[in-house]
Every structure is written in structure tokens, then in C-alpha cells.
2 protein chains.
Amino acid sequence: MSQLPEQPTEGPVPTSADVARLAGVSRATVSYVLNNNAAVRISDPTRRRVREAATELGYVPHAAARSLRAGHSRMVLLPTGNFPAAPLHHHFLHELEAGLRRLDYTVVQYGSLGLDAEDAARAWAELRPVAVIAPGSVPLTPQGIAVLRRSGAKAVFTLGPEPVAGAHALIMDQRQVGGCAVRHLMERGRRRIGVVMPEEPALALFAEPRLAGARQAASAGTARIEPLPLHHDEESAAALAARWRTLGLDAVFAYDDLHAMLLMRALQDAGIEVPGETAVVGADDLMLGRLLRPRLSSVRMELDTVQPLADLVDRLVRRPGKEPERHDLLRATAVHRESS
Amino acid sequence: MSQLPEQPTEGPVPTSADVARLAGVSRATVSYVLNNNAAVRISDPTRRRVREAATELGYVPHAAARSLRAGHSRMVLLPTGNFPAAPLHHHFLHELEAGLRRLDYTVVQYGSLGLDAEDAARAWAELRPVAVIAPGSVPLTPQGIAVLRRSGAKAVFTLGPEPVAGAHALIMDQRQVGGCAVRHLMERGRRRIGVVMPEEPALALFAEPRLAGARQAASAGTARIEPLPLHHDEESAAALAARWRTLGLDAVFAYDDLHAMLLMRALQDAGIEVPGETAVVGADDLMLGRLLRPRLSSVRMELDTVQPLADLVDRLVRRPGKEPERHDLLRATAVHRESS
DNA sequence: TTGAAAGCGTTACCAT
DNA sequence: ATGGTAACGCTTTCAA
């Protein structure tokens, strides 16, 4: 029984100097070997000794020291805001991260809740990222963008429903969603269309543009749009259903499938027939919509594949200084089932 | 019309030396002023000059240089794995992040997909985090833990259904969920209980322990447990429902509410009455369970509040070297509605 | 083929 | 009260 069972040496962290000492070479040689520097030829025995010494000490290079010396990093900063508003976002962000890592960037998510736009931008700038991709749920002002650029960020992106002056924009135009839903309803003869507006603040960022898109589509025809505030709970839905007939609506775009399910249940419990008296359309095209009766019509959102996007980031990092670019990522299509 | 409209100076990034030059003081004074160093008194006019110079240049300190000099950082690394398995996790991670920021830690999420356990640990170690909290969906081996500790990490945690040797463990014991569901069903007289096993690999980490918990609870009584592989799509659910009566089951724990909804729909479409012929229990206690007919019984999972957890991380960072600690975070309770 | 040394931006110690 | 200087860990140029 050893007294020190695998105690991972609380001692100092090994540096390249320690590796050099143990291998009997200089720090420069260690660097050459471990970075596979092709510009200089090191004898094979030396290489082996260095490698063995590094392994024995458990040496891992210090990223901060390295990028300090190099004068730049390959970190892409992805600030995370309040809460993941849309489920679609997660998938997208994970894929984008993978795409960027394939290009040898280090993607780092950094939570920035409770900071105002300026403080947040300064906090990000301290990390000296080479690029920043800020979702719409985090604040980003033109001044914040300026701070980031001065701190060496080659490219700053916003990712969300709307662009911000001075940054490249990856647009997920939510107006398309509302427009798509309303056009679908109008094609099916509906003219008095409610639009559910979730009262959760985190969703406002999406709800407002969806309403705007709905209004735009309606004004192209002769339909009327009626915003309907709603909390995501049964009481709120029941209250809305109770005064439904006073609203004189023949259709509703329910913001998303979850709200549609909530509202559809309340309408049915109040004796309002779907789709006979009122058509219901959700969004997200979740599996659960197919399980409801009537099956829920929905708006399917598809995002472009992300590898081209990662390439875009890479290109703008390497040749910055261009005009802000704008890219639309979202395609919305109506999926007709039984509820409309 | 100016020719250079707000062009954010593509020049070099301003350093504290630039601020010192502009303010006509030394770099040390700049550091004292900007860090509000109380150990040294600087005249108010000097302070003002320094502050103004910093603002004018848009100076932001360089975090890497700072932590290099300090010899340590306050970064807590949160590797992100495959995919957010449980919705509960997100909320939890966001709260934990906020709690740690309150203690002045910088929380950084770092995607580590496609790396094996050793490479991932090395990549994390390069960042010299003071603590690492690894969700169960990312690989973490005892060797990886050793690498991290040798690189200066004061505390390494696993967060998930099971502990890993050598790291502190924040346990979310999924066996409780399965056990809770099965006990609930047994109390209501059911004895032949199916347990849905989602075939998505990302969910296996949760599904296996839930099954184990179910088995354990069943063996305490006289119930039989039958694992039921299921994909999250209608075809798979319909196929399972079609052979349902051959299984001879009187109840099913459907892994979670979404799978419960899927299966319940399929059972009803196949003419199997719920709960008369077969009881159904989900998990997560989602809103949608209350909207189904019959209303879905579920297992509610509650996590401990996170501030004590953030304090725990802080304590273990400050006084490391203790034995690995183990903390159970999850409490599961059955919620009886109509489907059981 | 290898080694010595400079320098990246910051802060803390020690003089002035 | 303020300024000079060394040091953190690493890479790279230059010299041997």
C-alpha cells in the first residue's frame, strides 16, 4: 500500500523549460519539436527525447502565453444571452461550432447575462477574439462593435431577426414565418386572423417580427390582423378561449406549435371547432403537431447548411475591412395538415 | 461628407503603454488607476487623465496577458458535448453560470465534439481553467482528470448520472426517475411494466439508468420490467402499438413526456384504452402533458438551487486537494393525472 | 542541428 | 505619489 496513491503532484505546472531541462535541450528545441516546425530539422533521437519528456511531465502548452506571443488568437467568441429562445438555434449553433472547428478555430461560448451592451462588449474584447458572433438575444450596439474591432476582432456578426449597424448580419428573418402562416390561411379563405403574442419577454424578439410579417402579408390582400397576448399557461389560454367569439376571428397563427397546442386545447374545451370555426397554424413543425387531433398545420423553418457559413466567417476574418455583409439563413414553408 | 466615416482605425490594438504615453504617466500608474488598486494613492488629476486616455483610445486590457502575469485565471470551463440531452440541463447550466459569475468567475463553454477523452482534456488544459465542470455527455477519463489537475485546475467535476473516479461528482441520479415512475405504477396496482428505451444514442446516457432504477423498484415488489426500444417517430410507435397486446403489459414508463405523447397516441389509434388497459407515465412534467386527454401522469424532476452549488465550486477551488465530493442534485416526484 | 535572447501585455516589487 | 524593472510561458530570429 503506497502512501501516495496516484496523487497528481500538487506542485507547479510544468512548462516548456521543464521539458527542455528533462530532455537536455533548449526551450527552442522543445517548441520546434512539439509544433512540428518544418522550417528546422531536428534529429530523430532528440525528437524522441523531447516527446518522452513532455509525456512524462504531462506538459500541455499554455494557450494564453502562445497567443500573447503570436499577437493573435483563433478564438471565435459566441456570447450566450438570456435563454435559448428557439430550439432551432441550438442545433444551428452546435453545427456552426463544428464547422468552425474544422477550420481550426476555437469556439468559445461566453455567458453575458446581466451586463449592459457596453460592459459586455468590453468583457468580450478582453479575450481578444478574432471574431464575435452575437445572437440577437444579447445586446450589441455600434459602440460595442467599435470596441471589439479596436481590440482586434476581425469580424463581428449578429445572428438573429435583425441586423445591427456596423456588423455583418446573419439574418433569420422571422417576418417570413408570420408572412408564410398568414398567406397560407388567406389561401384557404380566412380573412380575420389572430396572431398570438407570447408575453414572455425572451420571446418578444421573435414575436414582434412574426407579427410584422403577418401584417405585411395581410395588407397585400384584404385580411385583418389581431394581436392576441398570451401567457404559456392554461389559465391564460382558457381566458382567451372564453372571449373568443367576441373577437370575430376565423383563424389564428399561434406563434409556434407549443402555443398552438395550448390554444387549440382551450378552444376545443370551449366548444369552438377547429378548423371549422377557427383555423389554427403553429410554427416549428414539431413532431407533436402530427400527434394532435386535428393534426396541426405548421410553418417549417429550415436553416441553410452551416459549412458555407463557417467558410464565410473564415473569409471575413482573413480579408476584413469590407462592407458589412448580410446573409439570409431562414427559409419558411407552410405545412398543411388538418387544423387549417 | 467626411471621407472616413467612423472607420474604426484598423491600426494596432492599443495597450496600456499607449494609454500611459497619452496620459503622460508610466504603465504602472495606468495599471494602478484602472484596477483601482487601493494599496497606492494616485492623485485625482492623474486618475482623470488616465481614465480619459483609456477611453479615448478604446483601451481594453488583455485577459491573456493578465492571467499570464497573475499565474492563474478565474476561468471555469464548461465543455459542451454532443447535444443538449435534457431540457432541464440548459436551465441548470445557465443558472450555474450566473451563480459563478456572481462569485467573479468567468464561465466559458467549450465545444469538444469529435475529440477523444485524452485530446479533449489536453485542449481544455491549454486554457488553464481553474475549474472544469464536465457534463456526462463529454468523455472524461481518470487520465484526463490527471492532465487537468497537473495543468493547474484546482477542481474537476462531472455533472451527470454517474460519477468518474478522481473527480468531484454532481450527480443527477436518473435511476430515481425510473424508480419513481415504477413505484407510482405499482402503487396503482400495475405489475407488468414496459420501459421505453429511446434508440437515439444521445439519450442512452439517461435511458440506461432510468431502466436500472425501474428494475430496482420492480424487484422490491413483484413486478416485471420489459424494455421497449423505440425511435421518436410515428412509424416506430405504430409498430410497437401493433404488437402491444402480445407483450401482455398493463403499464408503461415512456422515458419522458414527449415519448409518452407519441406512444399514447399510437396506443389510442390502435384501440388500446389508456389508462384502462394500459397506464402511461412520462417524465419532465411538461405543460403539454396537461393538454393531452387523458392528462398525462409524469415524473417531475427538480434540481437543487444552484447558488449553493456555485459556492461549493468556489470552496473546492480555494481549498483543493480534498477527497472527491459527491452531491446529489436531483429530486424526482410522481405527478398523478389521468393516464395512470 | 541546436542555443541564446528578445519580446508579446500585464502587474508587483522596489526605488525614487 | 509615481516610475523603472523584472517576470509570467511561449515562439522565433539570429548566431554558433
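Order of the sequence lines sets the chain letters (A, B, ...), proteins ahead of strands, with each chain counted from 1. Every heavy atom of this structure was used, including side-chain atoms; hydrogens, water molecules and symmetry mates were not.
Considering CG of A:Asp119 and CH2 of A:Trp124, their distance stands at 11.0 Å, rounded to 0.5 Å. In this structure, CZ in A:Arg74 is found 8.5 Å from OG1 in A:Thr106, a value given to the nearest 0.5 Å. A distance of 14.0 Å separates CE of B:Met172 from CD of B:Glu162, quoted to the nearest 0.5 Å. Separating the CD1 atom in B:Ile171 from the CZ atom in B:Phe157 is a distance of 12.5 Å, to the nearest 0.5 Å.
Residue B:Ser16 has no polar side-chain atom (N or O) positioned under 4.0 Å from OP1 or OP2 of C:dG9.
Only A:Thr46, A:Leu68, A:Arg69, listed by number, bring a heavy atom of residues 46-73 of chain A to less than 4.0 angstrom from any atom of DNA chain C. Contacts between residues 27-39 of chain A and DNA chain D, defined by a heavy-atom separation below 4.0 Å, involve A:Arg27, A:Ala28, A:Ser31, A:Tyr32, A:Asn35, listed by number.
Within 4.0 Å of A:Val40, counting heavy atoms only, lies at least one base atom of the nucleic acid.
For B:Glu126 and B:Arg122, the salt-bridge test fails: no basic side-chain N is under 4.0 Å from an acidic carboxylate O. We find that A:Asp314 and A:Arg318 are joined by a salt bridge, their nearest charged nitrogen and carboxylate oxygen being less than 4.0 Å apart. With salt bridges taken as basic N to acidic carboxylate O contacts below 4.0 Å, none links A:Arg49 and A:Glu56.
Two rings, from B:His327 and B:His168, have their centers 6.0 Å or more apart.
Both B:Gly24 and A:Pro14 lie near DNA chain D, and the one whose nearest nucleotide falls closer to the 5' end is B:Gly24.
Remark: of the listed residues A:Val317, A:Leu148, A:Leu316, A:Val313, A:Val317 is the sole one forming a side-chain contact (heavy atoms from CB on, under 4.5 Å) with A:Lys154.
With contacts defined as side-chain heavy-atom distances shorter than 4.5 Å, the pair A:Val138/A:Thr80 does not qualify.
Along DNA chain D, the stretch of nucleotides lying under 4.0 Å from any heavy atom of chain B spans, 5' to 3', D:dA1 to D:dG9.
Summarising the geometry, the separation between CZ on B:Arg21 and P on C:dG9 is reported as 11 Å, rounded to the nearest angstrom.
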